Amino acid sequence: MAYWLMKSEPDVYSIDHLRSEKRKTDHWDGIRNYQARNFMRDQMQKGDLAFFYHSNCAEPAVVGVMEIVSEAYPDHTAFDSQEKYFDAGSDPDNPRWVMVDVKFKKKFKTPVTLADIKAQKKLSDMRLVQRGNRLSILPVTPVEWRHILKMAGES
DNA sequence: GCCAACGTTGGC
DNA sequence: GCCAACGTTGGC
């Protein structure tokens with residue numbers, strides 16, 4: 001069982017979008033970064049938990065929790081030239097990109113903002129707050145996980 | 001294999 | 001909208 005943080009721009013896809021999906025479940029498509037892909041492909045497991053993080057917005061923050069409910073499988077949006085994340089270099093017989101299914105678990109009453117996280121000395125090693133980290137999928141340690149839940153008033 | 005040019009991410 | 005920090009691409 002591992003913990004993760006997954007970023008999404010709320011204007012594009014927010015935690016409310018995920019919550020309003022049928023069965024509160026959706027696929028996490030559009031990852032086009034090898035490091036992020038490798039995390040999904042090699043390390044993510046069904047039953048893992050992930051923070052939903054709103055990025056590139058007025059108040060960047062961890063806004064809730066979701067569960068990984070599938071293994072990694074090919075991201076079909078890479079094969080469709082009409083798709084934003086189309087990749088002509090991804091061969092359907094040997095897919096370059098993968099995605100996982102995620103299920104909404106909870107939305108925090110109080111989001112834990114990036115500013116809040118940066119203000120916590122104990123979280124200064126979090127990959128999220130290290131200089132210039134643009135990875136959209138990041139591992140979170142159990143200690144960091146519990147700390148942020150506490151900050152959200154969820155424990 | 002190097003590296004300049006270019007594109008993207010994401011905080012501010 | 002700006003810009004720093006990266007990741008990727010492609011010429012050589």
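Since the model is a prediction, treat every value here as computed from it, not as a measurement. Every chain is numbered from 1 and lettered A, B, ... according to where its sequence line falls, protein lines coming before strand lines.
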Worksheet entry | Donor-acceptor pair, side chain of A:D75 and main chain of A:G30, under 3.5 angstrom |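 Side chain of A:D75 to backbone of A:G30, a donor-acceptor pair under 3.5 Å: yes, one is there.
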
Practice prompt. Please work out which of the three classes, parallel, tilted or perpendicular, describes the rings of A:W97 and A:Y34, given edges at 30° and 60°.
Written response: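 Answer is tilted, since the angle falls between 30° and 60°.
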
Worksheet item: Between A:W28 and A:Y13, how do the two ring planes meet: parallel, tilted or perpendicular, split at 30° and 60°?
Response: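 Plane angle over 60°, so perpendicular.
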
Worksheet entry | 5' precedence on DNA chain C between A:N56 and A:R96 (nearest-nucleotide basis) |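 The answer here is A:N56.
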
Item to complete: In plain terms, say whether A:K103 and A:E67 are close enough for a salt bridge, that is, a side-chain N and a carboxylate O under 4.0 Å apart.
Response: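 Salt bridge flag = no for A:E67 with A:K103.
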
Worksheet item: Between which nucleotides of DNA chain B, read 5' to 3', does contact with chain A run, using atoms under 4.0 Å from its heavy atoms?
Response: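 For DNA chain B, the relevant span reads B:dG7 to B:dC12.
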
Discussion item. Please tell me whether A:F51 and A:W4 form a close aromatic pair, meaning their ring centres lie under 6.0 Å apart.
Written reply: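 No: the rings miss the under 6.0 Å criterion.
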
